[in-house]
Student: 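Quick one: this structure, given as structure tokens, is what I'll be asking you about.
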Amino acid sequence: AQSVAQPEDQVNVAEGNPLTVKCTYSVSGNPYLFWYVQYPNRGLQFLLKYITGDNLVKGSYGFEAEFNKSQTSFHLKKPSALVSDSALYFCAVRDSYSSASKIIFGSGTRLSIRP
Amino acid sequence: GAVVSQHPSRVICKSGTSVKIECRSLDFQATTMFWYRQFPKQSLMLMATSNEGSKATYEQGVEKDKFLINHASLTLSTLTVTSAHPEDSSFYICSASSSGGTDTQYFGPGTRLTVL
């Protein structure tokens with residue numbers, strides 16, 4: 001069975017500074033990894049995914065994530081944070097290439113960017 | 001990107017009544033749809049997976065007779081919360097995916113259910 005861990009409930013960063021939101025995963029086969037963002041009372045918006053290929057994945061709004069197989073991690077990063085990045089971020093994993101397979105979500109990390 | 005809608009966005013009902021939530025894929029055919037619930041300040045918990053034309057697969061601990069799921073067409077899935085109680089109050093989110101492939105799932109905006 002697959003699982004995802006987001007060890008930080010909250011991350012606080014000053015605007016303009018780099019940010020990192022941590023994620024580690026566990027799957028029995030090849031991992032298919034995702035990051036989503038959720039704004040208050042809204043559904044999830046897709047940021048980026050890792051399926052195969054380059055370990056550094058670039059996504060929406062300037063976010064990127066690095067797949068590290070040896071550390072089973074998929075940390076979300078951004079070089080320069082914006083106040084508008086403040087939201088709830090979810091890491092997710094599925095153990096099949098098929099989008100018809102279920103995705104398991106981490107507990108979420110609330111990102112707060114102070115001006 | 002693909003668009004998934006949910007209706008209603010917010011519903012308040014009395015205890016004991018049933019509530020139906022619709023999930024529609026607007027610009028693609030969704031062979032598979034997923035239903036999640038999210039409690040305040042918590043993650044999304046998968047309730048069930050539904051494939052068009054077949055019975056839904058429920059996750060462990062989810063009562064299939066209480067949470068009725070119908071996926072009668074490639075663009076519509078419904079979740080009916082039967083005999084709702086205050087503990088069913090939650091944020092319900094659906095997602096949809098097209099036939100297989102490595103594409104992601106697309107999420108609806110969610111439905112806030114409040115049972116009085």
Student: Going by an N to O cut-off under 4.0 Å, is there a salt bridge joining A:Lys77 and A:Glu64?
Tutor: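 No, this pair does not count.
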Student: Go through the side-chain N and O atoms of A:Thr109 and A:Glu8 and say whether any donor and acceptor fall under 3.5 Å apart.
Tutor: no
Student: Are B:Asp88 and B:Ser90 linked by a side-chain donor-acceptor pair shorter than 3.5 Å?
Tutor: no
Student: At a heavy-atom separation under 4.5 Å, does A:Phe105 approach chain B through its side chain, its backbone, both, or neither?
Tutor: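 Its backbone and side chain both get close to chain B.
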Student: Is chain A contacted by the side chain of B:Gln6, its backbone, both, or neither, given a heavy-atom distance below 4.5 Å?
Tutor: neither
Student: Between B:Thr32, B:Ile93, B:Val4, B:Leu44, which residue shows the highest count of heavy-atom pairs closer than 4.5 Å to chain A?
Tutor: B:Leu44
Student: Side chains of residues 10-30 of chain A: which donor-acceptor partners sit under 3.5 Å, not counting sequence neighbours?
Tutor:
unit_1	atom_1	unit_2	atom_2	d
A:Gln10	NE2	A:Asn12	OD1	3.1

Student: Is A:Gln6 close to chain B through its backbone or its side chain, or both, or neither, when contacts mean heavy atoms under 4.5 Å?
Tutor: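 For A:Gln6, there is no contact with chain B at all, as no heavy atom is under 4.5 Å.
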Student: Just so I know, are the side chains of A:Leu76 and A:Leu48 near enough to count as touching, which here means a heavy-atom distance under 4.5 Å?
Tutor: yes
Student: Less than 4.5 Å to any heavy atom of chain B: does that hold for the side chain of A:Ser101, its backbone, both, or neither?
Tutor: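 Backbone of A:Ser101 only, per the 4.5 Å heavy-atom cut-off to chain B.
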